[in-house]
Amino acid sequence: MDALRLEIEDAITLVMDSLEIPESLWKKVLGPSREVSQGDLTMPCFPFAKILKKAPAVVAEEICSALKENVTIAEINSVNGYLNFKASPEWMASRVLNGDIHIGSALENNARGKRVLIEHTSANPNGPFHVGRARNAILGDTIVRLNRLFGNSVRAEYYVDDMGKQVGVLAWALENLDSQQVEDLLSDREPLNPKWADKADHSIVRWYQAAQALRQNASDSDKEQIEERIGELVHASEHGDDSVLEQFENAYQPVLDGMLMTLGRLGINFDSFTKESRFVVNGDVPRLIEKLSKSDIHGEAENGAYFLDLGQRGMKGKKEFFYRRGDGSSLYATRDVAYHIWKWGECDTLINVLGEDHRLQAKQVAMTLTELGEKVPEVLFYAFIKLPEGKMSTRRGTVVFMDDLLEEAQERAAEVVRNLRPNYEPELVESIAEAVGVSAVRFNIIKVSPEKGFTFRWEDALAFEAGSAPFVMYSHTRACSIKSKVEEFEGFLEEAELPKEMSESMVYLLRKINSFQDSLDYAVRNRQAHIFANYLLELANAYNGFYRDCHVIRDGKVDAFRFKISETARKLLKASMEGLGIIPIERM
RNA sequence: GGGCGUGUAGCAUAGCUGGAUAUUGCAUCGGCCUCCUAAGCCGAAGGUCGCGGGUUCGAAUCCUGCCGCGCCCGCCA
């Protein structure tokens, strides 16, 4: 609890100075307690034992009694060589009453905050999101939201792959195939779900798939012709040919729009889109190649391709990093380096969200940036999502589309609402179900740590019980319900005063309210959204205990103190939910 | 074969800048609605922290060697 630490540090300094224990040492070992029952802050005294040549328990006891004289806001005790500081309920409550709990907003930037650029998703615009690809977007958007909640000024950026082979194939297909040919080529595949027939990411991707099938199975002479034409398009795009880039854009933009529609339903939006071709067209990439070719570790292949020998800088495994093809054109990674240099001009902190398949690539880009004297981005990697029966594969039809998942989530949530609240109007049921469905899907993915493999299970994604988004949402609606009830009382407003005694559940909630900032700081600093998700579950759980034991309205009267606590928790729940992309509705 | 990541109760997961009885949920078992929405609350049971060494007063956490799983090792994106 950083707020507590700040308040008691002076007192500790005084004691420690008199014992001649260096500040750097005790500040390092003073940290959050492991168990709430122990306290909020703990200082293991084992390291001091050596310096003072006394037993740890004795040292802890000495420091403890010296501190007790001038620290009143925390209970201090020493157990087995550990010194525990437990914030007093009165101090925690007074922070709430005084409005010392700062609550920001995840939905807007703080103009005075640090400029953070977060690039996430950046999926090739060639087909609908499946649950696997969406992990990036959900993770990235949550980091965006948490940074805003923290008080930073964030720009969410999507890097659009608008050149190269994949878009080339799509553009070729749209240029050369009609819908009948497409359906013939895909006759052995699952048909297009009629529900998504009007959504371009679902419909146009079939042209791409048909082209891929054709490239596999056509006669040799046809293949040659096709590859030649695609090669022409790709080559032109990589040399910045305007008309081809425009043709490409006409091909992928509707697909991208469809994909963004899906993300929009999840509450995921972007502030800017940057096209890959930009850096080819504006000359950054040629200039970069020129500069890299003068590097000390530059190398050249027989056919004129350029590479950096990263082995000389300690790279293990794959040592050569190719940044120019034999024909003089750039590679994806080269453009990515140029893109990074540009991004650094736009922000103070740079974060990329990437799949684990990009680890090597990211390392190469980072080392190249270092070689150029540029700063390196922070990268958040995530493992792929797989299905219980194995990897997701479009080919084998073993994919779960995000659009289908969201529909299913909405339907199942609606069923639950209809069961639990038979008197709700259909429109209300509909809107609650949408909020619950979307929130549950996001939370299910965000609550586990990203670098761990994730197996998608319908029953988990759509679980509406403890440990889920609806659980948190439910706590919030309870707080909202209290608020609206209290508003019916006119003139209830007495000053909130500290009660003589506080119940355990009250103190537990106060403790969670007071550690909001700690969790947020930690999650933002380490880019670990799941830490904050965990905190939010605890906050909701604490509120539920408070709700049970500490009625705000008793015998037709409002307890002003309890109402103040309830309101602080409500605002905190709301802001935190928004920080994780959970929709804070008022009734459910 | 090489590089990187990961391995915690039946399942899923937290903790991994070393610290006291290893967190939470699901499932299992047992309680709680004349009381602000029970999508809730309380309790019980469940663990060789993949395995073996090492460093340390102290290791799930750091080092090392195995083993399992994943990703990568195009002048693809």
Taking OP1 and OP2 of G7(B), is either one under 4.0 Å from a side-chain nitrogen or oxygen of K452(A)? yes
Would you mind reading off the distance between D161(A) atom CG and C76(B) atom P, rounded to a whole angstrom? 14 Å
With a 4.0 Å limit, can you tell me whether R478(A) has a side-chain N or O closer than that to the phosphate oxygens OP1/OP2 of A38(B)? yes
Classify the side chain of E276(A) versus the base of A77(B) as yes if they form a donor-acceptor pair under 3.5 Å and no if they do not. no
How far does the C1' atom of A38(B) sit from the matching atom of U23(B), given to the nearest Å? 25 Å
Reckon D460(A) touches a base, only the sugar-phosphate, or nothing at all at heavy-atom distances under 4.0 Å? nothing
Syn or anti for C67(B), please, going by whether the chi angle lies within 90° of 0. anti
Confirm from the modelled atom types if N84(A) and A20(B) form a donor-acceptor pair under 3.5 Å, side chain to base only. yes
note: L170(A), atom CG; A77(B), atom C1'; distance rounded to Å ~ 14 Å
Hey, is NZ on K447(A) packed in by over 12 heavy atoms from elsewhere, all under 6.0 Å? yes
In this structure, which stretches of RNA chain B are paired as stems of three or more consecutive Watson-Crick or G-U pairs, both distances less than 3.5 Å? B:1-7 with B:67-73, B:10-12 with B:24-26, B:28-32 with B:40-44, B:50-54 with B:62-66
Under 4.0 Å, counting only non-hydrogen atoms across every strand here, what does V167(A) touch: a base, just sugar-phosphate, or nothing? nothing
Tell me whether the OP1 or OP2 atom of C76(B) has a side-chain N or O from R335(A) closer than 4.0 Å. no
Does the ring of Y424(A) carry R418(A) above it, NZ/CZ under 6.0 angstrom from centre and within 45° of its axis? no
Length of the line joining I531(A):CD1 and U23(B):P, which is rounded to integer Å: 16 Å
For F464(A) and C26(B), give me the distance from atom CZ to atom C1', rounded to whole Å. 15 Å
Span that lies between the C1' atom of G54(B) and that of G15(B), in whole angstrom: 24 Å
To the nearest angstrom, the CG-C1' distance between L537(A) and G15(B) comes to 15 Å
Give me the distances for all protein-to-nucleotides 68-71 of chain B N/O pairs that come in under 3.5 Å?
| residue | atom | partner | partner atom | Å |
| --- | --- | --- | --- | --- |
| G70(B) | O2' | E356(A) | OE2 | 3.0 |
| C71(B) | OP1 | K391(A) | NZ | 3.3 |
| C71(B) | O2' | E356(A) | O | 3.1 |
| C71(B) | O2' | D357(A) | N | 3.3 |

Integer angstrom distance from the P of A60(B) to that of G50(B): 10 Å
Are the side chains of L387(A) and K391(A) in touch, meaning some heavy atoms are under 4.5 Å apart? no
L331(A) side-chain proximity, nearest of C4(B), C76(B), A39(B): C76(B)
Separation of atom CZ in R525(A) from atom C1' in U17(B), rounded to whole Å: 11 Å
Which whole-number value in Å describes the distance from Y382(A) OH to G5(B) C1'? 15 Å
Take atom NZ of K86(A) as the centre, draw a 6.0 Å sphere, and report whether it contains more than 12 heavy atoms from other residues, nucleotides or ligands. yes
Hey, is NZ on K316(A) packed in by over 12 heavy atoms from elsewhere, all under 6.0 Å? no
Closest-nucleotide 5' rank along RNA chain B - winner of P470(A) and G453(A): G453(A)
Apply salt bridge (Lys or Arg N to Asp or Glu O under 4.0 Å) to the pair K483(A) and E567(A), showing each step before the final yes or no. CA-CA 7 Å; K483(A) 176 174 179 264; E567(A) 278 297 277; 5.2 Å; no
For A540(A) and T477(A), take the nucleotide of RNA chain B holding the closest heavy atom to each; which residue's nucleotide lies nearer the 5' end? T477(A)
Before we go on, tell me: are the rings of F307(A) and F321(A) under 6.0 Å apart, centre to centre? no
Under 4.0 Å between a side-chain N/O of S449(A) and OP1 or OP2 of A14(B), yes or no? yes
Judged by whether its glycosidic angle lies within 90° of 0, G74(B) is syn
Examine H298(A) together with Y306(A) and report whether their ring centres are nearer than 6.0 Å. yes
Rounded distance in Å - OH (Y543(A)) to C1' (A39(B)): 16 Å
With heavy-atom distances below 4.5 Å as the criterion, would you say the side chains of Y508(A) and N541(A) are in contact? yes
